[in-house]
Amino acid sequence: MAVAPVKETPIFAEVDMGDDSSSTTVRATVVQASTIFYDTPATLDKADRLLAEAAGYGSQLVVFPEAFVGGYPRGSNFGVAIGNRTAKGKEEFRKYHAAAIDVPGPEVDRLASMAGKYKVFLVMGVIEKEGYTLYCTVMFFDSQGCYLGKHRKIMPTALERIIWGFGDGSTIPVFDTPIGKIGAAICWENKMPLLRTAMYAKGIEIYCAPTADSRDLWQASMTHIALEGGCFVLSANQFCRRKDYPPPPEYIFSGTEEELTPDSVVCAGGSVIISPSGTILAGPNYDGEALITADLDLGDIARAKFDFDVVGHYARPEVLSLIVRDHPANPVTFTSASAKNEDSHKS
């Protein structure tokens with residue numbers, strides 16, 4: 001199996017040190033780098049190296065792209081047509097499933113160890129497997145090396161729905177940490193107004209948006225969310241060339257393979273950090289792999305919400321309201337397990 005090698009060239013760091021302020025300041029980094037496709041151990045090694053570099057810049061929070069561990073299968077159709085799935089596509093899914101991780105599991109333990117080693121809060125995009133169903137997931141870790149929890153993407157986009165399951169309302173967390181209230185929405189679920197509103201209602205202050213969208217239009221969405229939510233927005237995307245994926249015929253970019261060279265850019269990044277006022281603090285970067293870093297003045301949140309607090313003084317709950325079903329949506333429930341739980345509570 002051919003895999004892209006780990007890049008040993010230095011990662012360019014784009015740093016905005018910000019201004020002096022009497023309010024709390026958090027240094028945050030978004031990572032713009034590619035997966036080592038089909039090679040999860042090598043990808044974790046790369047994550048360790050990138051975290052070490054970010055910690056060297058004094059970063060307290062590090063956000064990785066969507067599906068960094070496990071990989072974003074850009075260009076693949078997994079041999080699917082309506083009414084037909086090919087044997088090659090099924091084998092591609094087997095390999096993709098093998099690269100995914102269990103949560104909890106040894107890879108989660110290793111990521112937790114990295115967060116603790118470098119004393120950073122870590123937000124990591126992964127492909128999670130539960131049995132034989134995959135989920136596009138973001139995991140959260142604190143600077144003591146503790147796993148805090150996860151968010152599963154609730155709405156995969158387009159062909160993603162053939163390979164990823166759907167998250168439910170039980171994994172839309174916002175974690176209250178010493179550096180602010182942190183949560184995440186993944187790629188195009190950021191366009192879902194009700195999901196955003198649920199996160200605003202939980203008090204999100206540092207809104208992480210791991211993505212696979214490198215179009216210029218993405219920047220408009222990120223700016224809008226920062227202004228709407230009165231929060232910092234940290235969007236991390238991969239920067240990938242064709243050679244970062246296995247070569248053909250093992251891996252095919254459907255419809256474009258013939259036009260690509262090994263150095264063709266297949267995802268141009270665009271990672272960015274935006275303040276609650278809509279000011280771009282760092283990025284967007286379209287030049288290559290990068291660590292994009294800025295200082296977040298948390299006082300900017302109160303300044304922004306003085307103008308507009310979407311779930312506070314600017315809300316009209318007597319006219320418009322939202323109900324979030326935040327319990328796990330299990331396909332199967334065993335009554336005997338429920339009875340045992342009830343008995344244990346009685347005792």
Side-chain angles (χ1 to χ4, degrees), residues 3-18 25-37 39-72 99 101 103 105-127 137-148 150 175 177-180 182 184 206 208 210 232 234-241 244 269 271-273 281-283 285 287-296:
V3 296
V6 178
K7 292 180 174 65
E8 296 300 335
T9 54
I11 300 295
F12 170 72
E14 179 180 318
V15 182
D16 181 348
M17 296 301 186
T25 299
V26 174
R27 181 159 296 176
T29 292
V30 293
V31 173
Q32 180 165 288
S34 65
T35 302
I36 312 296
F37 212 81
D39 194 337
T40 296
T43 299
L44 291 171
D45 289 343
K46 184 172 185 177
D48 192 301
R49 180 170 64 89
L50 293 167
L51 279 169
E53 293 191 34
Y57 300 126
S59 294
Q60 298 159 273
L61 169 65
V62 183
V63 181
F64 277 76
E66 176 179 14
F68 183 77
V69 176
Y72 187 82
I101 67 171
V103 180
E107 294 84 3
V108 178
D109 293 342
R110 184 174 177 194
L111 289 166
S113 177
M114 291 180 202
K117 177 169 63 172
Y118 298 116
K119 305 299 181 188
V120 298
F121 287 82
L122 172 61
V123 179
M124 175 64 74
V126 307
I127 301 303
T137 297
V138 168
M139 298 192 303
F140 302 84
F141 303 86
D142 71 15
S143 59
Q144 302 304 306
C146 296
Y147 167 62
L148 298 177
K150 67 184 178 185
F175 297 101
T177 78
I179 64 168
I182 302 172
I206 301 176
C208 302
F232 290 94
L234 283 61
S235 183
N237 193 7
Q238 299 194 30
F239 183 93
C240 305
R241 299 183 185 275
D244 292 316
S271 302
V272 69
I273 300 175
L281 301 178
N285 183 299
D287 298 328
E289 294 203 336
L291 298 180
I292 300 164
T293 300
D295 284 347
L296 315 182

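- F68 approaches A47 most closely through the heavy-atom pair CE2-CB, 3.9 Å.
- A salt bridge links K46 to E289: at least one charged side-chain nitrogen sits closer than 4.0 Å to a carboxylate oxygen.
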- Run the numbers on V62 and V31 for side-chain contact (heavy atoms from CB on, under 4.5 Å), then give the verdict. CA-CA 7 Å; V62 183; V31 173; 3.6 Å; yes
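- Note: D244 CG to F239 CZ = 8.5 Å, rounded to the nearest 0.5 Å.
- Distance check, rounded to the nearest 0.5 Å: CG of N285 to CD of Q32 gives 4.5 Å.
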- Task: Could you check S143 against V120 for side-chain contact (heavy atoms from CB on, under 4.5 Å), going step by step and ending with a plain yes or no?
- Result: CA-CA 4 Å; S143 59; V120 298; 5.6 Å; no
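- Applying the side chain to side chain contact (heavy atoms under 4.5 Å, CB included) criterion to T40, with sequence neighbours excluded, gives L44, V69, A99, I101, E107.
- Pairing each heavy atom of I292 with each of A282, the nearest pair is CG2-CB, 3.5 Å.
- F141 pairs by the ring-ring contact (aromatic ring centres under 6.0 Å, His included) definition with Y147, not counting sequence neighbours.
- In terms of the ring-ring contact (aromatic ring centres under 6.0 Å, His included) criterion, residue partners of Y72 (sequence neighbours excluded) are, by chain and number, W164.
- Residues that satisfy the side chain to side chain donor-acceptor pair (under 3.5 Å) test with T29, not counting sequence neighbours, are S59, T293.
- With rounding to the nearest 0.5 Å, the separation of CD in Q60 from CG in L122 is 14.0 Å.
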- Query: Given L291 and L50, is the side-chain contact (heavy atoms from CB on, under 4.5 Å) satisfied, shown in steps?
  - Reply: CA-CA 8 Å; L291 298 180; L50 293 167; 4.2 Å; yes
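- Within the 4.5 Å cutoff, the side chain of F232 has heavy atoms near those of the L281 side chain.
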- Item | Full working for salt bridge (charged side-chain N to carboxylate O under 4.0 Å, His left out) between K119 and D142 | CA-CA 8 Å; K119 305 299 181 188; D142 71 15; over 6 Å; no
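- Looking at heavy atoms from C-beta onward, E66 lies out of side-chain contact with N237 at the 4.5 angstrom threshold.
- Rounding to the nearest 0.5 angstrom, the gap separating the CG atom in L61 from the CG atom in L234 is 6.0 Å.
- In this structure, the salt bridge (charged side-chain N to carboxylate O under 4.0 Å, His left out) partners of D48, at least two apart in sequence or on a different chain, are K117.
- To the nearest 0.5 Å, the span separating CZ on R27 from CG on L296 amounts to 10.0 Å.
- Rounded to the nearest 0.5 Å, atoms CD1 (I36) and OG1 (T43) are 5.0 Å apart.
- Side-chain polar atoms of Q238 and T35 form a donor-acceptor pair below 3.5 angstrom.
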- Please test I179 against F121 for side-chain contact (heavy atoms from CB on, under 4.5 Å), starting from the C-alpha separation and ending with a verdict. CA-CA 9 Å; I179 64 168; F121 287 82; 3.5 Å; yes
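- In terms of the side chain to side chain contact (heavy atoms under 4.5 Å, CB included) criterion, residue partners of A184 (sequence neighbours excluded) are, by chain and number, V138, F140, C208, P210.
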